[in-house]
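Both counts, for ligands and for their atoms, begin at 1 and track the order of listing.
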Amino acid sequence: MRVLIIGCGYVGLPLGAELAGQGHEVFGLRRSPATDGELRSAGIAPVLADITKPETLARVPAAYDWVVHCASSSGGGVEAYRQVYLEGMRNVLAWLSATPPLKFVYTSSTGVYGQTDGSLVDEASATEPAVGTAKILVETERVLLAAAREKAFPGVVLRLAGIYGPGRGYWLKQYLAGGARIEGDGGRVLNMVHRDDIVGALQAALKNGRPGEIYNVVDDEPVTQFGLFQWLAGCLGKPMPPSVPESPEPPRQRGATNKRVSNRKLKRELGYQFKYPTFREGFAIWACQRGGCAVITL
Ligand SMILES: NC(=O)c1ccc[n+]([C@@H]2O[C@H](COP(=O)([O-])OP(=O)(O)OC[C@H]3O[C@@H](n4cnc5c(N)ncnc54)[C@H](OP(=O)(O)O)[C@@H]3O)[C@@H](O)[C@H]2O)c1
């Protein structure tokens, strides 16, 4: 297959490397040539364009069998989200409209679920987040799903949970740096997924994802903040982080929601089997010989 990966960062780069290793012809689109060498050594042909600038896309041939759209605003506020996610999606769809791919997979976020009551949510649950950035993600999904419905564009949405993996992991890093805090009673549920499982789920969606459908990509064990720290403290023989009152302001970009996200549809429809079914495997913990201490690698 001729594959384009829009956004060759933490997720896009290893995905591209894996697809190239399988013999696909892989192109990686991003704004800066700084990572050209990294892409080439992964077997990915660099393509320079900015999805917020349609004139830069127009210079690039738009003929691909598979397209994965996993560009990220890398934080930023509502306006950055609007530009990169919403306007970026509109520009990409317009660019591909004359020569649509066989499959187009977009990485959205479980941040679109605004639930705060700890309930179980699936792909049919309401997406009414309170936070402005998450509202933009909802709108972006709608643009793609409307194209799938009205123009038979082969778009599939993957809603990714909090990503961790080599070099990345918000909660673990906070804990290891001594900066972690238990908010309130620590009952807020965290939904996470290892990067390698995102790479696996993206491939499953490219092959078997149904256009117009949404699949959550989250591991088997959403865990409370308290439960995660308790497990880390037990493994490492270190104290629990201190407790602080719950902040009325959402402390993080995608909002302080509280829900358990289901991965049932991903497993049932796409037959996806997780490499890291829970954070316990994913955080790669090996007990030391002495005193229950442990080594954690990311
Ligand atoms: N982090 C999380 O926990 C989380 C949770 C849910 C969903 N997601 C989603 O997962 C996806 C992958 O995230 P990631 O962590 O792999 O992101 P990342 O490491 O920040 O990589 C983003 C890539 O997008 C490119 N990019 C950014 N703006 C662009 C633009 N205007 N035009 C073209 N390329 C652009 C960047 O390259 P240049 O800077 O060179 O352009 C970079 O290669 C994103 O869609 C993100 O929203 C992340």
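- Among S32, G169, G12, P33, the residue whose heavy atom lies nearest to atom 40 (O) of ligand 1 is S32.
- Looking at I51, V217, I163, it is I163 that brings a heavy atom closest to atom 3 (O) of ligand 1.
- Polar contact with ligand 1: absent for G7 (N/O pair, distance under 3.5 Å).
- Between R30 and ligand 1, a contact under 3.5 Å exists for no N or O pair.
- Per-residue contacts place C8 under 4.0 angstrom from the following atoms of ligand 1 (heavy atoms of the residue considered): 23 (C), 43 (O).
- No side-chain donor-acceptor contact under 3.5 Å links Y276 to the backbone of D197.
- A side-chain N or O of Y113 and one of N216 form a donor-acceptor pair less than 3.5 Å apart.
- Near S74, meaning under 4.0 Å from any of its heavy atoms, are these atoms of ligand 1: 20 (O).
- Taking only non-hydrogen atoms, the option from Y85, Y106, Y10, Y164 nearest to atom 46 (C) of ligand 1 is Y85.
- Atom CD of Q22 has more than 12 heavy atoms from other residues, nucleotides or ligands within 6.0 Å.
- Residue contact check: D50 has heavy atoms under 4.0 Å from atoms 30 (C), 31 (N), 32 (N) of ligand 1.
- Taking any N or O of V11, backbone or side chain, at least one lies under 3.5 Å from an N or O belonging to ligand 1.
- Hydrophobic clustering (ILVMFWY, side-chain heavy atoms < 4.5 Å, transitive): L48 and I44 are in distinct clusters.
- Shown in contact with S109 at under 4.0 Å from a heavy atom are these atoms of ligand 1, numbered in order with element: 6 (C), 7 (C).
- In summary, of the residues considered (W95, Y85, Y64, Y106), a ring-ring contact (aromatic ring centres under 6.0 Å, His included) with H69 occurs for Y106 alone.
- Counting the atoms of ligand 1 from 1 in the order shown, those under 4.0 Å from a heavy atom of L29 are 33 (C).
- Sorted by first then second residue, the salt bridge (Lys or Arg N to Asp or Glu O under 4.0 Å) pairs that include residues 92-107, not counting sequence neighbours, number zero.
- For V84, no nitrogen or oxygen atom sits less than 3.5 Å from a nitrogen or oxygen atom of ligand 1, counting backbone and side chain alike.
- For ligand 1, the atoms sitting less than 4.0 Å from at least one non-hydrogen atom of A49 are 32 (N), 33 (C), numbered in the order shown with element in parentheses.
- Residue contacts with ligand 1 include C70, since one or more of its heavy atoms lies under 4.0 Å from the ligand.
- In this structure, of R168, R31, E87, the residue bringing a heavy atom nearest to atom 35 (C) of ligand 1 is R31.
- Under a 4.0 angstrom heavy-atom cut-off, S73 registers as lying outside contact with ligand 1.
- Not a single heavy atom of A34 sits less than 4.0 Å from an atom of ligand 1.
- Contacts of Q83 classified as side-chain contact (heavy atoms from CB on, under 4.5 Å), with partners at least two apart in sequence or in another chain: T52, E79, E87.
- Within ligand 1, the atoms closer than 4.0 Å to a non-hydrogen atom of G162 are 3 (O), numbered from 1 in the order shown.
- Atom CG of L144 is separated from atom CZ of R149 by 10.5 Å, given to the nearest 0.5 angstrom.
- One finds the OG atom of S41 at 8.0 Å from the CG atom of L13 (value rounded to the nearest 0.5 Å).
- No side-chain N or O of Y272 forms a donor-acceptor pair with one of N263 less than 3.5 Å apart.
- The ligand atoms of ligand 1 that sit less than 4.0 angstrom from a heavy atom of S108 are 6 (C), 7 (C).
- To the nearest 0.5 angstrom, R264 atom CZ is 9.5 Å from L120 atom CG.
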message = Evaluate W231 against F279 for ring-ring contact (aromatic ring centres under 6.0 Å, His included), listing each step before the verdict.
response = CA-CA 10 Å; W231 179 78; F279 60 92; 5.0 Å; yes
